[in-house]
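Any value given below was found using the heavy atoms of this structure, including those in side chains, with hydrogens, waters and symmetry copies removed. The chain is numbered in sequence order, starting from 1.
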Amino acid sequence: MRTTLRQILVICMAAMLLLPFTAGAQENYTEPTANDWPMVNYDAVMSRNSPQTDISKDNVGQLQVKWIFNTEYTIENSPLIVNDTAYIENNAMQIFALDIKTGLPRWQYDVNVTKVGLELPRVSTSHGMTYQDGVLYAPTGPNGTVIALDAETGSRIWESPIMMNGTAWRISAPPLIWKDYVIAGSALGDDPPFGFPAKGAITALNRTDGSIIWQTPTAVGAWVEGENATTNGGATTWSGGAIDEEKGILYVPCGNPAPDFTAEPRPEPTKYANYLIAIEIATGKILWGTPFIAEGTVLPNVTIPDTHDWDTAWGSHLVTVDTPNGTQQLVIAHDKRGDLMAMNASTGKPVWWNNLAVTYNVDKQAAPSGSDVVWPGPGHGLEAYTAVDNDTLYADVSNMGMRYFTDGHVEPAFDAIANGIGNGSVTAVDLATGEIKWRHETAFPTWTSPLVTNGLVFAGHITATGKPYPYNAFGGPTSSPVTPSGILLALDKDTGDVLWQANVGAQVCIGGPSIGQGMLLVPTGGIQTPNSGGSVVAFGLPENVTTDFTKLSEEAAARMTPVPAQTPAPPATLATPAMTPAAGANQTATPTPAANQTTGAAGNQTPAMTTAATNVTTAATTGAAASATAGATGAAGGGTTTIDLTAENIAFDQSTITVPAGANVTVNFNNKDSGIPHNFAVYTDSSAAEKIFVGEIITGPATTTYTFTAPSTPGTYFFRCDVHPQQMTGDLVVQ
């Protein structure tokens, strides 16, 4: 049969419709090159290994500061580099796009989290972003969502539903991309002052619109069920992990069980806390789990349960290695006790293991009267990402002794080491055997993630703090007689010899530097030292060109994209508790096709989440199905009206409030979120440009009464919490 031109056109159009849509892809986007840094750890296997050739052992000694950009808040992740732009997210969840050569800003985006002075330790933390197809994917911390931004303009493309349950829940992990899935981790599974510990979960989002496809709990079993559900938590996935892009498998570490310094309320086993787990991305099914400091571990000198907060931490690697038993695909992960383990990628079976930290009394449990000194403490060991090349792993190790008490109080053992804060090392490990190749010792802790490139390893350590000093619950100093700085090191990757070093003014951030386009970007700050940093220091090689910053800054200001207005429609809220599979079974979740998703009242996508045990459909917002029509006395157009309004889990319990026109409205406001501020405010519309009433902000748990006069003109107006203007919104209907 002869095919006509019309038939050819029809076939071509049909084929185009069948092509997979690249979710969120922007037109004319810049494709990353090998000389860029498009993900927080460079690539999907989290190698932190760049093939760039501009900076080498021959010229590293010539590096000089090109620019410094101060963001005001601590930065804990590596900046992204795509062509001529650097992207940064700090711990206030503010995102900046900068010119890579000058450091001048192009746009900024603020997700508007609750800010606590200039310090945001554990209140808000970003462990990084991901760039793909012209889109930036970023966590929002306490807001409990992932956002997708146009990388060129900074405008928001979508924001996911709120994935949290409980005030302690955070989204801090770098979003991971596989095909049309965006993977989000969870954080704050310790015992912080934000309510009881969060229970870990991994969530898959639709890359097109951010809707939820599946959610898999990582805290599984009796220890987080029934009467234990309100006291225990943990197994959070706050650091991301490596992806096998061919097989569609994510290898992600899970955090400690909580409460973290006492096991009394926690029945064993605490599955999957302190595990490395493998998850099938298409379904959310846990394929296998390998315990570190938990029942069934192969690690030596491990006393179960974990009462030292030695969680499996900071990502993983997927590597192919020639071992004594032949070529194997291995997953490498580590914990804060300093343990390093290689596992078979298909089965999770341990292949080799080693410990890189100074260990002492690691088999001693916390005791009511205080344990003996234990090395390392909860903020030490391998608390940072590691880096790999073809045959070697590079790790920054921090050592310090601690004394533990079971009431949740931790006391640094100041007499355990002369400098009062600890020491560390940069260590190279053979990927095939786990044996140490070389070790460069540092007089003070490292607290950063190394980077390997072109014969070099970039690492770092802090400087002296002095003693004594006040300290936080995890042993880091909150103030000290000597304000610490940070030293950036360039080492020979084959020998560990120091080739170059520079003082960057504060701790090199725990997420480590990034490199590309001839620039080395070094972010500063961390919750480990009292010097919060918050800058990016850019190093480059000398150029025989004088930069005219006056002219360039004027040009940059002219091109500057205004801060994008917040989209008024709130994201959907996950109103159900994290799903728990049947006892003894792994989680299996079925993705719901985008075509089957229903639209919530606010216009957001409300996906259906299916597990092996049950079907659960999320609501558009917490209490979205509930609307309140106020009871009023008197005729329409006046009278009095009383509203009972509750804020809980960063959501209002009502999405629609109806009042008579011109009524005197009394709002009995109950803020149930411990340690979190909320208010009730009314505006003419969702732009919030013209206010009708703005109530005083109160920090929960607390109650207050607001009074205001409803508009005399019938219509639909807008209310929100000014502290959480994206999550907590609704319609005020005046009749």
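- You'll find the side chain of L491 stays beyond 4.5 Å of the side chain of L499, heavy atoms only.
- Taken from CG in L488 to CG in N503, the straight-line distance is 10.0 Å, to the nearest 0.5 Å.
- Using a 4.5 Å heavy-atom cutoff, the side chains of I332 and V388 are not in contact.
- The minimum heavy-atom distance linking W169 with A201 is given by the pair CZ2-CB, 4.2 Å.
- Ring orientation note: the planes of Y272 and Y275 are nearly perpendicular, at an angle over 60° on the 30°/60° scale.
- The CD1 atom of I421 sits 5.0 Å away from the OG1 atom of T465 when rounded to the nearest 0.5 Å.
- For the pair I510/E383, a side-chain contact is recorded, criterion being any heavy-atom separation below 4.5 Å from C-beta on.
- R48 and S78 share a donor-acceptor pair across their side chains, judged by distance under 3.5 Å alone.
- Ring centroids of W314 and H127 are separated by less than 6.0 Å, placing the two rings close together.
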side-chain contact (heavy atoms from CB on, under 4.5 Å) between V65 and F539, intermediate numbers included: CA-CA 4 Å; V65 174; F539 291 90; 3.6 Å; yes

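- Of the inter-residue distances, the one linking Y404 atom OH with F261 atom CZ reads 6.5 Å to the nearest 0.5 angstrom.
- Judged by distance alone, with hydrogens and angles left aside, the side-chain atoms of T237 form a donor-acceptor pair with the main-chain N or O of S186 at under 3.5 Å.
- D190 and N256 form a side-chain donor-acceptor contact under 3.5 Å, judged by distance and modelled atom types alone.
- Looking only at distances, a side-chain donor or acceptor of Y385 sits under 3.5 Å from a matching main-chain atom of S239.
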side-chain contact (heavy atoms from CB on, under 4.5 Å) assessment of L393 paired with L340: CA-CA 10 Å; L393 177 141; L340 184 68; 3.9 Å; yes

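- Partner M93 forms a side chain to side chain contact (heavy atoms under 4.5 Å, CB included) with one of V113, D110, T125 and no other, that one being V113.
- L318 CG to I243 CD1: the interatomic distance, rounded to the nearest 0.5 Å, is 10.0 Å.
- When T262, T303, D306, T307 are each tested for a side-chain hydrogen bond (donor to acceptor under 3.5 Å, both in side chains) with Q365, only one passes: T307.
- Side-chain polar atoms of T529 and N531 form no donor-acceptor pair below 3.5 angstrom.
- Between the side chains of N274 and D311, not a single donor N or O lies within less than 3.5 Å of an accepting N or O.
- Side chains of E76 and N91: a donor on one and an acceptor on the other come within 3.5 Å.
- For the residue pair Q517 / D36, a side-chain donor-acceptor distance below 3.5 Å is found, with atom types taken as modelled.
- Between the CZ atom in F444 and the CD1 atom in I487 there is a gap of 10.0 Å [rounded to 0.5 Å].
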Step-by-step ring pair (Phe, Tyr, Trp, His ring centres under 6.0 Å) determination, F96 to F69: CA-CA 10 Å; F96 305 88; F69 184 80; 5.3 Å; yes

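- The number of heavy atoms from other shown groups lying within 6.0 Å of CG (N361) is above 12.
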Full working for side-chain hydrogen bond (donor to acceptor under 3.5 Å, both in side chains) between S425 and E441: CA-CA 4 Å; S425 69; E441 295 185 350; over 6 Å; no

Check against side-chain contact (heavy atoms from CB on, under 4.5 Å), V351 and L330: CA-CA 8 Å; V351 176; L330 303 177; 3.8 Å; yes

Check against salt bridge (charged side-chain N to carboxylate O under 4.0 Å, His left out), D391 and K437: CA-CA 11 Å; D391 56 13; K437 289 185 172 182; 3.7 Å; yes

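- Proximity of a side-chain donor or acceptor of H308 to a complementary backbone N or O of K336 within less than 3.5 Å is not detected.
- Checked against a 6.0 Å centroid threshold, the rings of H380 and W447 count as neighbours.
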Residues R337, D335; criterion salt bridge (charged side-chain N to carboxylate O under 4.0 Å, His left out); working and verdict: CA-CA 5 Å; R337 198 182 74 147; D335 63 34; 5.1 Å; no

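- Between L80 and P38, the shortest heavy-atom contact is CD1-O, 3.6 Å.
- The two residues R266 and D260 make their nearest non-hydrogen contact at NH2-O, 4.0 Å.
- For G144 against I171, the heavy-atom pair with the smallest separation is C-CG1, 3.5 Å.
- Residues T218 and I277 meet the side-chain proximity criterion, which asks for heavy atoms closer than 4.5 Å.
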Derivation of the side-chain contact (heavy atoms from CB on, under 4.5 Å) call for W353 and L299: CA-CA 7 Å; W353 50 91; L299 297 174; 3.9 Å; yes

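- In this structure, the side chain of T442 engages the main chain of G424 through a donor-acceptor pair within 3.5 Å.
- With hydrogens and angles ignored, the 3.5 Å screen pairs no side-chain donor or acceptor of T236 with any backbone N or O of A187.
- Using a distance-only test at 3.5 Å, with no hydrogens or angles considered, a donor-acceptor pair links the side chain of Q52 to the main chain of D54.
- A parallel orientation is assigned to the rings of Y87 and Y131, their planes being inclined by less than 30° (bins at 30° and 60°).
- Between P376 and A357, the shortest heavy-atom distance links the atoms CG-CB, 4.4 Å.
- With N399 contributing its side chain and V358 its backbone, the two residues share a donor-acceptor pair below 3.5 Å.
- No side-chain heavy atom of W352 sits under 4.5 Å from any side-chain heavy atom of T433.
- A side-chain donor-acceptor contact under 3.5 Å links H334 to the backbone of A384.
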Candidate pair T446 and S398, rule side-chain hydrogen bond (donor to acceptor under 3.5 Å, both in side chains), full reasoning: CA-CA 6 Å; T446 56; S398 295; 3.2 Å; yes

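- Using modelled atom types and a 3.5 Å distance limit, the side chains of S47 and D43 yield a donor-acceptor pair.
- Tested against Y394, the residues N49, D389, T386 include a single side-chain hydrogen bond (donor to acceptor under 3.5 Å, both in side chains) partner, D389.
- With contacts defined as side-chain heavy-atom distances shorter than 4.5 Å, the pair I183/I202 qualifies.
- Note that CG of N77 and CG of N41 are 9.5 Å apart. Values are rounded to the nearest 0.5 Å.
- Side-chain atoms of E89 and Q94 form no donor-acceptor pair, as typed in the model, at a separation below 3.5 Å.
- Of the possible polar contacts, none joining the S535 side chain to the V537 backbone as a donor-acceptor pair under 3.5 Å is found.
- Under a 3.5 Å cut-off, the side chain of S316 and the backbone N or O of V331 do not form any donor-acceptor pair.
- Under the 30°/60° scheme for interplanar angles, the aromatic rings of W500 and F458 are found to stand perpendicular.
- I293 and D339 get closest at one heavy-atom pair: CD1-OD2, 4.3 Å.
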